[in-house]
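First up is the structure itself, then whatever we jot down about it.
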Amino acid sequence: MSHILLIEASARKNRSLSRELAQRFVSAWNSQAPGDPIVRRDVGSTSPPAIDENWISAAFKPAEARSAAENQALELSDELIAEVLQADILVVATPMYNYGMPAALKAWFDQVIRVNKTFTFDLARGDEPIEPVQSGKTLVMLTTAGEGGLLGSYAAHKNHLHPHIIEASRLLGVDRHETIHIEYQEFGDQRFADSQAKAIAAIAPLVDHLLETSSCPNA
Ligand SMILES: Cc1cc2nc3c(=O)[nH]c(=O)nc-3n(C[C@H](O)[C@H](O)[C@H](O)COP(=O)(O)O)c2cc1C
């Protein structure tokens, strides 16, 4: 059994391509592995708050030294982190906004990447003091963009979406990733239609592949 955490980040509830990919992924998973728990966190509809000074001072304090107000400042973070720690597979369904991730998704990462909860920091490790607490998780990115050529092609230098999600997810224990991407949405031309068809067709084989190779590290 795999535990899946689905993060949806589009600000659109209607006509969202990334939400459509997510829905297709969930349907394919449910039909191949009915009963696997899928937790859905819709940050596009309800953005986690940006972290603030209270959050930071509470997070960097030992738990036993925190005041009631500081514990409260971390309440949502605790809840979101519990969802991450449970998950074997993180599915991030998101658009590209302004060449990177939507602010709501960044706010989610800021809430869940937390010292002594999802990563540890030790200067004794030299130039790489940060280590994730968990390992073995898989990241699935279901992404959409208005422009084309962002994945390893002529506009790859503008793509700050995928590299950022991949790097941030490492701190959550992700060590492999898969991507399904729709491009050229803003052009609405044949390239868009082809890209959408290809992305939809890639979902069932990806689910099969994940089910074959999933090791359930956090079961
Ligand atoms: C605020 C905003 C910013 C966007 N910025 C970019 C961008 O920088 N590059 C790009 O290729 N597409 C950009 N797009 C297009 C979206 O990535 C595209 O419409 C995508 O399909 C939206 O995802 P959704 O269909 O799941 O809502 C932007 C769209 C919006 C609404």
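Counting starts at 1 for both ligands and their atoms, following the listed order. Each residue takes its place number in the sequence, starting with 1.
For Lys61, the salt bridge (charged side-chain N to carboxylate O under 4.0 Å, His left out) partners two or more places apart in sequence, or in a different chain, are Glu70. Partners of Lys158 under the salt bridge (charged side-chain N to carboxylate O under 4.0 Å, His left out) rule, at least two apart in sequence or in another chain, are Glu147.
Counted by atom type alone, Asp194 and Gln190 present one or more donor-acceptor pairs between their side chains at under 3.5 Å.
Among pairs with a residue in residues 50-59, those fulfilling side chain to side chain donor-acceptor pair (under 3.5 Å) read Trp55-Gln111, at least two apart in sequence or across chains.
Between Arg125 and Glu131 there is a salt bridge, with a side-chain nitrogen of the basic residue lying less than 4.0 Å from a carboxylate oxygen of the acidic one. Look at Asp42 and Lys13 and you find no salt bridge, because none of the NZ, NE, NH1 or NH2 atoms lies under 4.0 Å from a carboxylate O.
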At less than 3.5 Å, what protein N or O atoms come close to the N or O atoms of ligand 1? Include the distances to 0.1 Å.
unit_1, atom_1, unit_2, atom_2, d
ligand 1, 5 (N), Asn98, N, 2.9
ligand 1, 8 (O), Asn98, N, 3.1
ligand 1, 8 (O), Tyr99, N, 2.8
ligand 1, 11 (O), Gly146, N, 3.1
ligand 1, 11 (O), Glu147, N, 2.8
ligand 1, 12 (N), Gly146, N, 2.9
ligand 1, 14 (N), Met96, O, 3.4
ligand 1, 14 (N), Glu186, OE2, 3.4
ligand 1, 17 (O), Met96, O, 2.7
ligand 1, 17 (O), Thr144, O, 3.4
ligand 1, 19 (O), Gln185, OE1, 2.6
ligand 1, 21 (O), Thr144, OG1, 3.4
ligand 1, 23 (O), Thr144, OG1, 3.0
ligand 1, 25 (O), Arg12, NH2, 2.8
ligand 1, 25 (O), Leu17, N, 2.8
ligand 1, 26 (O), Ser16, OG, 2.7
ligand 1, 26 (O), Leu17, N, 3.3
ligand 1, 26 (O), Ser18, N, 3.0
ligand 1, 26 (O), Ser18, OG, 2.5
ligand 1, 27 (O), Ser10, OG, 2.7
ligand 1, 27 (O), Arg12, NE, 2.9

